[in-house]
Q: 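First the structure, then my questions, so here it is.
On a predicted model such as this, the values are computed, not experimentally measured, just so you know. Numbered from 1 within each chain, the chains take letters A, B, ... in sequence-line order.
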Amino acid sequence: AQSVTQLGSHVSVSEGALVLLRCNYSSSVPPYLFWYVQYPNQGLQLLLKYTTGATLVKGINGFEAEFKKSETSFHLTKPSAHMSDAAEYFCAVERGYQKVTFGTGTKLQVIP
Amino acid sequence: DTAVSQTPKYLVTQMGNDKSIKCEQNLGHDTMYWYKQDSKKFLKIMFSYNNKELIINETVPNRFSPKSPDKAHLNLHINSLELGDSAVYFCASSQRQSPEEKLFFGSGTQLSVL
(Lines give C-alpha, C1' and ligand atoms only; values in the text may rest on other atoms or scores of the structure.)
Protein backbone atom coordinates (compact mmCIF):
# COMPACT_ATOMS: atom_id res chain seq x y z
CA ALA A 1 0.00 0.00 0.00
CA GLN A 2 1.12 3.53 -0.65
CA SER A 3 0.24 6.65 1.28
CA VAL A 4 1.31 10.23 1.54
CA THR A 5 1.68 12.38 4.64
CA GLN A 6 2.08 16.13 4.49
CA LEU A 7 3.26 17.67 7.73
CA GLY A 8 1.49 20.90 8.53
CA SER A 9 -1.83 21.82 6.98
CA HIS A 10 -0.85 25.51 7.13
CA VAL A 11 2.56 27.08 6.65
CA SER A 12 3.31 30.80 6.85
CA VAL A 13 6.48 32.39 5.57
CA SER A 14 7.60 35.96 5.02
CA GLU A 15 8.09 37.20 1.51
CA GLY A 16 11.67 36.43 0.51
CA ALA A 17 12.08 33.65 3.05
CA LEU A 18 12.72 29.99 2.38
CA VAL A 19 9.70 27.82 1.63
CA LEU A 20 9.81 24.25 2.92
CA LEU A 21 6.78 22.01 2.57
CA ARG A 22 7.19 18.51 3.91
CA CYS A 23 6.03 15.28 2.37
CA ASN A 24 6.68 11.72 3.45
CA TYR A 25 5.45 8.67 1.68
CA SER A 26 5.16 4.99 2.27
CA SER A 27 5.58 2.69 -0.65
CA SER A 28 6.37 -0.94 -1.16
CA VAL A 29 8.01 -0.23 -4.51
CA PRO A 30 10.05 2.67 -5.90
CA PRO A 31 7.47 5.39 -6.30
CA TYR A 32 6.68 8.09 -8.73
CA LEU A 33 6.28 11.30 -6.73
CA PHE A 34 4.60 14.56 -7.61
CA TRP A 35 3.89 18.01 -6.26
CA TYR A 36 0.78 19.82 -7.44
CA VAL A 37 -0.34 23.37 -6.67
CA GLN A 38 -3.91 24.56 -6.40
CA TYR A 39 -4.63 28.27 -6.69
CA PRO A 40 -7.98 29.57 -5.40
CA ASN A 41 -10.91 28.45 -7.52
CA GLN A 42 -8.66 26.54 -9.88
CA GLY A 43 -7.77 22.94 -10.54
CA LEU A 44 -4.45 21.42 -9.60
CA GLN A 45 -1.36 22.08 -11.70
CA LEU A 46 1.76 19.96 -11.76
CA LEU A 47 4.77 21.68 -10.18
CA LEU A 48 7.29 18.88 -10.59
CA LYS A 49 7.64 15.12 -10.57
CA TYR A 50 10.19 12.46 -9.78
CA THR A 51 10.17 9.24 -11.71
CA THR A 52 13.74 7.96 -12.04
CA GLY A 53 17.24 9.41 -12.31
CA ALA A 54 18.42 12.54 -10.56
CA THR A 55 16.95 12.82 -7.10
CA LEU A 56 16.83 16.62 -7.11
CA VAL A 57 13.97 17.68 -9.32
CA LYS A 58 13.41 21.21 -10.52
CA GLY A 59 9.94 22.44 -11.31
CA ILE A 60 8.15 25.56 -12.39
CA ASN A 61 8.20 28.90 -10.57
CA GLY A 62 11.54 28.20 -8.90
CA PHE A 63 10.38 25.20 -6.87
CA GLU A 64 12.40 22.06 -6.43
CA ALA A 65 12.12 18.84 -4.48
CA GLU A 66 14.56 16.15 -3.47
CA PHE A 67 13.74 12.47 -3.36
CA LYS A 68 15.40 10.92 -0.31
CA LYS A 69 14.81 7.21 -0.30
CA SER A 70 16.43 6.66 3.11
CA GLU A 71 14.05 9.17 4.68
CA THR A 72 11.08 8.31 2.42
CA SER A 73 10.68 12.02 1.87
CA PHE A 74 10.01 14.35 -1.03
CA HIS A 75 10.04 17.83 0.50
CA LEU A 76 9.28 20.86 -1.64
CA THR A 77 11.48 23.95 -1.36
CA LYS A 78 11.89 27.38 -2.84
CA PRO A 79 14.74 29.69 -1.77
CA SER A 80 12.71 32.89 -1.74
CA ALA A 81 8.94 33.08 -1.34
CA HIS A 82 6.89 35.39 -3.51
CA MET A 83 3.40 36.64 -2.79
CA SER A 84 2.13 34.77 -5.84
CA ASP A 85 3.23 31.48 -4.25
CA ALA A 86 0.32 31.64 -1.81
CA ALA A 87 -1.72 28.56 -2.67
CA GLU A 88 -2.38 25.02 -1.54
CA TYR A 89 0.23 22.41 -2.32
CA PHE A 90 -0.41 18.70 -2.67
CA CYS A 91 2.16 15.96 -2.59
CA ALA A 92 1.18 12.81 -4.47
CA VAL A 93 2.48 9.30 -5.07
CA GLU A 94 1.66 6.91 -7.86
CA ARG A 95 -0.26 4.13 -6.19
CA GLY A 96 -0.12 1.68 -9.00
CA TYR A 97 -1.18 1.94 -12.58
CA GLN A 98 -2.50 5.47 -12.98
CA LYS A 99 -3.74 5.56 -9.42
CA VAL A 100 -2.35 8.71 -7.87
CA THR A 101 -2.79 9.16 -4.12
CA PHE A 102 -2.70 12.73 -2.89
CA GLY A 103 -1.77 14.08 0.52
CA THR A 104 -4.25 16.28 2.32
CA GLY A 105 -2.53 19.46 1.25
CA THR A 106 -0.54 22.29 2.83
CA LYS A 107 -1.84 25.81 2.55
CA LEU A 108 1.02 28.25 2.08
CA GLN A 109 0.56 31.81 3.30
CA VAL A 110 3.11 34.43 2.29
CA ILE A 111 3.32 37.44 4.57
CA PRO A 112 4.44 40.77 3.08
CA ASP B 1 -8.39 28.17 -24.56
CA THR B 2 -9.28 26.07 -21.55
CA ALA B 3 -7.60 22.68 -21.68
CA VAL B 4 -9.95 20.80 -19.35
CA SER B 5 -13.32 22.40 -18.78
CA GLN B 6 -16.09 21.23 -16.53
CA THR B 7 -19.58 22.54 -16.04
CA PRO B 8 -21.24 23.70 -13.95
CA LYS B 9 -18.78 25.40 -11.62
CA TYR B 10 -21.29 25.39 -8.78
CA LEU B 11 -24.18 23.02 -8.25
CA VAL B 12 -26.64 23.32 -5.39
CA THR B 13 -29.37 20.74 -5.17
CA GLN B 14 -31.70 18.87 -2.83
CA MET B 15 -31.17 15.39 -1.46
CA GLY B 16 -32.62 12.70 -3.67
CA ASN B 17 -32.17 14.60 -6.92
CA ASP B 18 -30.20 13.36 -9.93
CA LYS B 19 -27.54 15.62 -11.39
CA SER B 20 -24.77 15.54 -13.98
CA ILE B 21 -21.40 17.22 -14.27
CA LYS B 22 -19.85 17.54 -17.70
CA CYS B 23 -16.18 17.47 -18.59
CA GLU B 24 -14.43 18.11 -21.86
CA GLN B 25 -10.75 18.23 -22.77
CA ASN B 26 -9.31 19.72 -25.95
CA LEU B 27 -5.80 18.37 -25.45
CA GLY B 28 -6.24 15.25 -27.53
CA HIS B 29 -5.56 13.11 -24.47
CA ASP B 30 -6.47 9.45 -24.34
CA THR B 31 -7.24 9.22 -20.63
CA MET B 32 -9.70 11.08 -18.43
CA TYR B 33 -10.47 10.91 -14.72
CA TRP B 34 -12.85 12.03 -12.03
CA TYR B 35 -11.52 12.96 -8.60
CA LYS B 36 -13.46 13.90 -5.47
CA GLN B 37 -12.02 16.43 -3.01
CA ASP B 38 -13.71 16.37 0.37
CA SER B 39 -13.98 19.11 2.97
CA LYS B 40 -10.64 18.09 4.44
CA LYS B 41 -8.99 18.61 1.04
CA PHE B 42 -8.42 14.90 0.60
CA LEU B 43 -8.38 14.21 -3.13
CA LYS B 44 -9.41 10.73 -4.17
CA ILE B 45 -9.70 9.14 -7.57
CA MET B 46 -13.13 7.86 -8.52
CA PHE B 47 -12.91 6.76 -12.14
CA SER B 48 -10.49 6.57 -15.01
CA TYR B 49 -11.34 6.10 -18.67
CA ASN B 50 -8.93 5.36 -21.51
CA ASN B 51 -10.28 5.81 -25.02
CA LYS B 52 -13.84 5.58 -23.72
CA GLU B 53 -13.10 2.38 -21.81
CA LEU B 54 -13.42 2.21 -18.02
CA ILE B 55 -10.02 1.44 -16.49
CA ILE B 56 -10.30 2.37 -12.83
CA ASN B 57 -13.41 2.22 -10.70
CA GLU B 58 -12.52 2.83 -7.09
CA THR B 59 -14.91 2.10 -4.27
CA VAL B 60 -17.62 4.47 -5.38
CA PRO B 61 -21.37 3.95 -4.80
CA ASN B 62 -23.14 2.79 -7.92
CA ARG B 63 -25.24 5.95 -7.72
CA PHE B 64 -22.24 7.47 -9.51
CA SER B 65 -22.10 6.58 -13.16
CA PRO B 66 -19.49 7.98 -15.54
CA LYS B 67 -20.26 8.20 -19.21
CA SER B 68 -17.74 8.77 -21.98
CA PRO B 69 -19.40 9.43 -25.36
CA ASP B 70 -15.98 10.01 -26.92
CA LYS B 71 -12.44 10.29 -25.64
CA ALA B 72 -12.70 14.07 -25.25
CA HIS B 73 -15.65 13.87 -22.87
CA LEU B 74 -16.22 12.20 -19.53
CA ASN B 75 -19.45 13.12 -17.78
CA LEU B 76 -20.40 12.18 -14.24
CA HIS B 77 -23.99 11.39 -13.43
CA ILE B 78 -25.10 11.08 -9.83
CA ASN B 79 -28.42 9.53 -8.84
CA SER B 80 -30.29 10.01 -5.58
CA LEU B 81 -27.89 12.60 -4.20
CA GLU B 82 -26.97 12.37 -0.51
CA LEU B 83 -25.58 14.92 1.92
CA GLY B 84 -22.24 13.14 1.91
CA ASP B 85 -21.87 13.73 -1.80
CA SER B 86 -21.18 17.40 -1.09
CA ALA B 87 -17.63 18.01 -2.26
CA VAL B 88 -15.60 19.49 -5.07
CA TYR B 89 -15.33 17.20 -8.06
CA PHE B 90 -12.37 17.54 -10.41
CA CYS B 91 -12.11 16.22 -13.89
CA ALA B 92 -8.61 15.54 -15.21
CA SER B 93 -6.90 14.14 -18.27
CA SER B 94 -3.52 12.77 -19.27
CA GLN B 95 -1.85 12.07 -22.60
CA ARG B 96 -1.54 8.36 -22.14
CA GLN B 97 -2.31 5.56 -19.77
CA SER B 98 1.05 5.77 -18.07
CA PRO B 99 1.96 6.20 -14.40
CA GLU B 100 4.32 9.09 -15.02
CA GLU B 101 1.99 11.11 -17.17
CA LYS B 102 1.15 14.63 -16.05
CA LEU B 103 -2.43 15.18 -15.01
CA PHE B 104 -4.26 18.25 -16.30
CA PHE B 105 -7.12 19.29 -14.06
CA GLY B 106 -10.29 21.22 -14.63
CA SER B 107 -11.19 24.01 -12.21
CA GLY B 108 -13.63 21.88 -10.25
CA THR B 109 -17.36 21.67 -9.63
CA GLN B 110 -18.48 22.50 -6.13
CA LEU B 111 -21.49 20.33 -5.35
CA SER B 112 -23.64 21.23 -2.35
CA VAL B 113 -26.41 18.84 -1.40
CA LEU B 114 -28.99 20.35 0.96
Side-chain angles (χ1 to χ4, degrees), chain A residues 1-11 21 23 25 27-54 57 59-60 63 67 74 87-108, chain B residues 2-10 21 23-25 27 29-51 53-60 74 87-110:
Chain A
Q2 295 172 325
S3 68
V4 180
T5 303
Q6 290 184 238
L7 297 176
S9 58
H10 289 81
V11 170
L21 304 182
C23 173
Y25 68 92
S27 173
S28 56
V29 297
Y32 293 126
L33 296 160
F34 309 82
W35 274 100
Y36 282 83
V37 59
Q38 184 179 23
Y39 296 103
N41 299 315
Q42 294 186 30
L44 286 76
Q45 302 171 35
L46 182 67
L47 267 182
L48 48 81
K49 66 179 179 182
Y50 169 78
T51 53
T52 58
V57 181
I60 61 172
F63 284 93
F67 169 57
F74 191 57
E88 191 139 20
Y89 293 80
F90 291 84
C91 182
V93 61
E94 186 70 28
R95 187 165 61 86
Y97 202 55
Q98 281 193 306
K99 297 182 183 183
V100 177
T101 296
F102 288 83
T104 51
T106 298
K107 197 163 190 175
L108 176 66
Chain B
T2 304
V4 181
S5 60
Q6 40 181 123
T7 55
K9 191 170 178 61
Y10 300 97
I21 307 172
C23 179
E24 176 182 4
Q25 53 94 4
L27 298 166
H29 287 171
D30 287 342
T31 311
M32 295 184 72
Y33 314 77
W34 277 107
Y35 280 83
K36 179 181 179 181
Q37 186 180 45
D38 63 23
S39 57
K40 296 182 180 177
K41 298 292 186 178
F42 184 66
L43 198 68
K44 183 177 178 181
I45 191 167
M46 301 172 69
F47 302 102
S48 164
Y49 268 73
N50 189 66
N51 277 322
E53 183 182 346
L54 180 65
I55 302 300
I56 296 171
N57 182 352
E58 291 291 280
T59 307
V60 177
L74 181 61
V88 181
Y89 293 83
F90 286 98
C91 178
S93 71
S94 63
Q95 178 67 50
R96 285 177 296 273
Q97 198 180 345
S98 167
E100 58 177 276
E101 282 295 321
K102 173 181 175 179
L103 293 170
F104 289 78
F105 283 85
S107 57
T109 296
Q110 187 168 327

Q: Using heavy-atom distances under 4.5 Å, tell me whether B/K44 contacts chain A through its side chain, its backbone, both, or neither.
A: neither
Q: Heavy-atom distance under 4.5 Å to chain B: side chain of A/F90, backbone, both or neither?
A: side chain
Q: I need the A/Q38 CD to B/L43 CG distance, nearest 0.5 Å.
A: 7.5 Å
Q: Does any backbone or side-chain atom of B/Q37 lie under 4.5 Å from a heavy atom of chain A? Answer side chain, backbone, both or neither.
A: side chain
Q: Kindly write out the residues that satisfy ring pair (Phe, Tyr, Trp, His ring centres under 6.0 Å) with B/Y49, not counting sequence neighbours, or none if the list is empty.
A: none
Q: With sequence neighbours excluded, tell me which residues meet ring pair (Phe, Tyr, Trp, His ring centres under 6.0 Å) with B/F105.
A: A/Y36, B/Y35
